[in-house]
Novice: 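Starting off with a structure, shown below.
Just so you know, these numbers come straight off a predicted model, no measurement behind them. Keep in mind that the numbers below use all heavy atoms, side chains included, and drop hydrogens, waters and symmetry copies.
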Amino acid sequence: DGGITQSPKYLFRKEGQNVTLSCEQNLNHDAMYWYRQDPGQGLRLIYYSQIVNDFQKGDIAEGYSVSREKKESFPLTVTSAQKNPTAFYLCASSPSGGVGGYTFGSGTRLTVV
Amino acid sequence: QKEVEQDPGPLSVPEGAIVSLNCTYSNSAFQYFMWYRQYSRKGPELLMYTYSSGNKEDGRFTAQVDKSSKYISLFIRDSQPSDSATYLCAMSDFGGYQKVTFGTGTKLQVIP
């Protein structure tokens with residue numbers, strides 16, 4: 001079955017540590033996205049990529065970095081510069097331009113310890 | 001003021017009831033409207049995708065868009081306990097990558 005796989009499901013980060021969240025899709029979608037979900041704030045866009053080797057900042061990119069070396073993969077690194085990283089992180093993909101809506105992964109819950 | 005407003009609920013209804021979920025928005029450029037369902041600790045799944053004004057029906061679900069009022073609705077007929085979830089509205093204009101703006105979600109509980 002086609003879909004998006006996010007791993008790990010739960011992740012714990014110590015202060016000052018960088019962590020990387022994995023996102024893989026086998027839907028042959030061109031575009032991929034990272035969102036952060038906090039209670040009462042809805043989904044906020046962190047980064048998006050329309051094609052391989054190209055990506056753009058979203059609304060809350062500070063403290064995050066991404067890469068898009070393969071069409072299927074769009075990992076997100078939460079750096080130590082992100083001061084409030086505890087959140088639910090969602091990866092999504094769509095055909096080029098986003099027409100037809102997004103397919104989301106099952107999410108990664110990141111907690112700072 | 002947020003671009004998209006959605007009542008967070010929670011909304012509790014008895015099984016079999018008709019549920020009405022709503023969002024208002026301020027950006028008149030929005031043309032594409034979506035509803036997602038999100039179960040606890042899961043990713044959202046697309047329920048309905050509509051373009052411009054009008055109605056769209058899919059099984060027990062009906063999406064309505066009134067662009068003149070900047071108001072969209074999702075109706076669920078014969079609601080089931082399995083419909084208990086958070087419902088997110090989402091919308092976008094025709095941007096280069098079609099940036100999507102999400103509502104904060106309405107939590108629905110269907111009581112058996």
Side-chain angles (χ1 to χ4, degrees), chain A residues 1 3-10 21 23 25 27 29-51 54-61 68 87-111, chain B residues 1-10 21 23-27 29-52 56 58 61 63 65 72 74 85-107:
Chain A
D1 287 338
I4 297 182
T5 301
Q6 288 188 243
S7 62
K9 191 171 179 68
Y10 299 97
L21 285 59
C23 178
Q25 55 103 354
L27 299 165
H29 284 168
D30 292 311
M32 297 187 74
Y33 314 82
W34 274 105
Y35 282 88
R36 170 179 171 145
Q37 187 173 35
D38 297 279
Q41 295 198 48
L43 275 68
R44 292 182 290 168
L45 182 64
I46 304 172
Y47 269 97
Y48 65 98
S49 167
Q50 290 182 275
I51 56 172
D54 185 61
F55 48 83
Q56 306 295 328
K57 292 182 179 180
D59 300 319
I60 56 165
R68 185 89 186 274
F88 189 49
Y89 290 87
L90 288 160
C91 179
S93 71
S94 72
S96 181
V99 176
Y102 294 170
T103 300
F104 282 89
S106 57
T108 294
R109 174 70 184 178
L110 174 63
T111 303
Chain B
Q1 183 186 6
K2 293 180 180 178
E3 253 188 322
V4 177
E5 298 278 358
Q6 186 174 10
D7 189 329
L21 303 167
C23 287
T24 60
Y25 62 95
S26 57
N27 187 347
F30 287 147
Q31 298 187 69
Y32 299 86
F33 303 91
M34 292 145 275
W35 286 95
Y36 288 85
R37 177 176 61 196
Q38 185 176 23
Y39 292 112
S40 181
R41 293 185 291 276
K42 299 290 186 183
E45 57 178 319
L46 183 66
L47 281 178
M48 302 289 280
Y49 182 91
T50 57
Y51 171 71
S52 194
K56 182 177 182 178
D58 184 1
F61 298 91
V65 175
I72 69 171
L74 177 71
T86 297
Y87 290 80
L88 306 169
C89 65
M91 46 200 79
S92 67
D93 59 14
F94 186 63
Y97 75 103
Q98 203 175 47
K99 178 183 174 181
V100 176
T101 301
F102 287 85
T104 53
T106 299
K107 188 170 184 178

Novice: From A/Phe104 CZ over to B/Lys42 NZ, what is the distance, rounded to the nearest 0.5 angstrom?
Specialist: 15.5 Å

Novice: Heavy-atom cut-off 4.5 Å, strictly under: side chain, backbone, both or neither for B/Tyr36 against chain A?
Specialist: side chain

Novice: Report the residues that fulfil ring pair (Phe, Tyr, Trp, His ring centres under 6.0 Å) with B/Tyr39, sequence neighbours left out, ordered by chain and then residue number.
Specialist: none

Novice: Using the test side-chain contact (heavy atoms from CB on, under 4.5 Å), find all partners of B/Asp58 that sit at least two apart in sequence or belong to another chain.
Specialist: B/Met48

Novice: Would you name the heavy atoms of A/Phe88 and B/Gln38 that are closest together and state the gap between them?
Specialist: CE2-NE2, 3.9 Å

Novice: Output yes when a side-chain donor or acceptor of A/Tyr102 lies under 3.5 Å from a complementary backbone atom of B/Pro44, and no otherwise.
Specialist: no

Novice: For A/Asp38, which atoms come within 4.5 Å of any heavy atom of chain B: side chain, backbone, both, or neither?
Specialist: neither

Novice: How long is the span from the CD atom in A/Gln37 to the CG atom in B/Leu88, to the nearest 0.5 Å?
Specialist: 6.5 Å

Novice: Just give me the residue among A/Pro39, A/Gly42, A/Cys91 that pairs up with chain B most often, heavy atom to heavy atom, under 4.5 Å.
Specialist: A/Gly42

Novice: Are the side chains of B/Val100 and A/Tyr35 in contact, using a 4.5 Å heavy-atom criterion?
Specialist: yes

Novice: Non-hydrogen atoms of chain B under 4.5 Å away: do they reach the side chain of A/Tyr10, the backbone, both or neither?
Specialist: side chain

